[in-house]
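Here's the structure, in structure tokens; my notes come after.
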Protein chains: 2
Amino acid sequence: MAGLKQVQRQTGVALWRQIADRIREAISSGAYDETGMVPPETVLALQFGVNRHTVRSALAALAQEGIVRAVQGRGTLIERKERLNFPITKRTRFSAGIGDQAREMRGLLLDEAREEASAEIARWLHLKPGDQVIRLETLRQADKRPVSRATSWFPAERFAGIGAAYRKGESITKAFAELGLSDYVRATTEVTAAHAGAADMADLELTPGAILLITKAMNTDLDGVPVQYSISRFAADRVQFTIEN
Amino acid sequence: MAGLKQVQRQTGVALWRQIADRIREAISSGAYDETGMVPPETVLALQFGVNRHTVRSALAALAQEGIVRAVQGRGTLIERKERLNFPITKRTRFSAGIGDQAREMRGLLLDEAREEASAEIARWLHLKPGDQVIRLETLRQADKRPVSRATSWFPAERFAGIGAAYRKGESITKAFAELGLSDYVRATTEVTAAHAGAADMADLELTPGAILLITKAMNTDLDGVPVQYSISRFAADRVQFTIEN
DNA sequence: TTCAAATGTCTATTGATATAGACAACCATA
DNA sequence: TATGGTTGTCTATATCAATAGACATTTGAA
């Protein structure tokens, strides 16, 4: 790990936030695995070329996120460092791929609504604008920790009752199975990144300025008929995607 | 587009930066296509619930990026709004997919080095740690505008001279062809997101606090033998990825 | 020509950010 | 139990970020 380079001065983003990002990245990359601790505040201050108080602000933010825990007299211990891997493959089975990485994977239904398809949703689901669709607002957690927040649309007549099915099975796959769709495939996925907004920050327990990985995905049944369109927002510092071709 | 919601107060990230991000997003989503202009500063200030001076700081930042141009007495004109789409498919042809979106796609070789494979690189390329590899540092531009910054490793003995070939053809595909590898496939791709560091900020002409989309990809020849491992950093506000399964 | 609407510039004030230094409290261990 | 290394707390100061108000300058259209 030799030495983290000095931070450069940026306008618009507080120094302590930039340093928090750097330390979070270093932790997640295993730079401090030998000791299981972050270097002393004075050392970090020297490495980054900033005042010790600034480092303390950064560490306080990381402690708030539950990543580190400071103990007076000893040092700052690393509490969590994992980054969940989400495979993006033709056969979409989020829960399956995650099973070995987290003990408890849950999907919570935050809201359900029946509404008319917008032009964009209609295009993705091969419907006419105004056709009825069901919208689900869901939150995925790994070991009690929120990982992603998704908004999904389904053709209303084919998937009536999917809200209740999701609430019961806590996953899209199980909800589909409950409604008689035993298999489906991922058709297209778009990936972008952006800063988190207010609502997502709250749901995903993010600190201000955090990054989201955003996927827009369309799934079809085995006949190629669209069954789901969804926009998912992932906490970027907790996940990575893997695309296997 | 009705109305952009009020921004919330965040610590650590300057308000004007958050607002710049929101406006950039609105421009790229086509919200202001009718007029080709951003709403007046006073209107934006009202929409976001901030002072006009704060909006001006945001617009100044966007002007610095070349996205808008303010004209006294008229308004603030939109100069650029595109977001390049990069398909991530088995057959990786970056230049091909981009052809219809940008007039001029270039790949510049920033640096070339022959070095020993680290443990990680060796693992990806199915080599032994310490085996010779060639590392290329490249920069991709679309219409003179930097889009991504990549670091790629190749087995040295098989692809000796790939630096010169890349400099000549300005793409990995052409460089491979020059060296007798006419076809190759994308084996695995990992996608993450993070804030840009100093070096990438400079190369990609990013403003402080900008987001990077990061891919780690391994390509093989048609026999499944690894030919390239690369880490690419994309300016997140200029691109999106599309995964077609 | 006049006027409304838009951006440009200036001054002033408040709170957040960053630096600096000093010292207290706590922990592990020699 | 003494000591060195570490985090916790306090005070003080300078700079940046954000708000507020006033007015100048430019443009396009009535």
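A note on names: the letters A, B, ... follow the listed sequences, proteins ahead of strands, and every chain is numbered from 1. Note that the coordinates shown come from a computational prediction; the quantities given were computed from them, not determined experimentally.
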C:dG8 phosphate, OP1 or OP2, under 4.0 Å from B:Arg56 side-chain N/O: yes
Just how far, in rounded Å, is P of D:dA17 from CH2 of B:Trp16? 7 Å
Might you list the N or O atoms of the protein lying below 3.5 Å from N or O atoms in nucleotides 2-4 of chain C, with each pair's distance?
none

Show the numbers, then the answer: is there a side chain to side chain donor-acceptor pair (under 3.5 Å) between A:Glu137 and A:Thr151? CA-CA 5 Å; A:Glu137 301 287 343; A:Thr151 306; 2.8 Å; yes
Would you say B:Asp203's side chain and B:Asp200's backbone share a donor-acceptor pair under 3.5 angstrom? no
B:Gln18 CD to C:dA16 P: how many Å, rounded? 15 Å
d(CZ, A:Arg69; P, D:dG8) in whole Å: 11 Å
Tell me whether the side-chain N/O atoms of B:Thr76 come closer than 4.0 Å to OP1 or OP2 in C:dT7. yes
B:Glu41 CD to D:dA20 C1': how many Å, rounded? 16 Å
Which nucleotide in the set C:dA18, D:dA18, C:dT7 lies at the smallest distance from any side-chain heavy atom of B:Ala70? C:dT7
Do side-chain atoms of B:Arg140 reach the backbone of B:Thr138 as a donor and acceptor pair under 3.5 angstrom? no
Report, as a single string ordered 5' to 3', how protein heavy atoms within less than 4.0 Å touch nucleotides 21-30 of chain D: B base, S sugar-phosphate only, - not at all. B---BBBS--
Please determine, for the side chain of A:Pro40, which listed nucleotide (D:dT19, D:dT6, C:dG8) has the closest atom? D:dT6
A:Leu44 atom CG is separated from D:dG5 atom C1', nearest whole Å, by 15 Å
Would you list the pairs meeting salt bridge (charged side-chain N to carboxylate O under 4.0 Å, His left out) in which at least one residue belongs to residues 108-117 of chain B, sequence neighbours left out? B:Glu115-B:Arg135
In whole Å, what is the span from the CE atom of B:Met37 to the P atom of C:dA6? 9 Å
So, using side-chain contact (heavy atoms from CB on, under 4.5 Å) as the criterion, who are the partners of B:Arg167 when residues are at least two apart? B:Leu109
Between C:dT7 atom P and B:Leu62 atom CG, what is the distance in whole Å? 13 Å
Using the test side-chain contact (heavy atoms from CB on, under 4.5 Å), find all partners of B:Ala45 that sit at least two apart in sequence or belong to another chain. B:Arg52, B:Val55
Using the rule given for side-chain contact (heavy atoms from CB on, under 4.5 Å), can you reason through A:Ile134 versus A:Leu136, listing the C-alpha separation, both sets of side-chain angles and the distance that settles it, and then say yes or no? CA-CA 7 Å; A:Ile134 293 173; A:Leu136 298 189; 4.0 Å; yes
Tell me every residue that passes side-chain contact (heavy atoms from CB on, under 4.5 Å) with B:Thr192, counting only those two or more places apart in sequence or in another chain. A:Arg83, A:Gln240, B:Ile214
Do A:Ile211 and A:Asp237 touch side chain to side chain, with heavy atoms closer than 4.5 Å? no
For B:Thr54 and A:Pro39, take the nucleotide of DNA chain D holding the closest heavy atom to each; which residue's nucleotide lies nearer the 5' end? A:Pro39
Rounding to a whole Å, what distance do you find between B:Leu59:CG and C:dT9:P? 14 Å
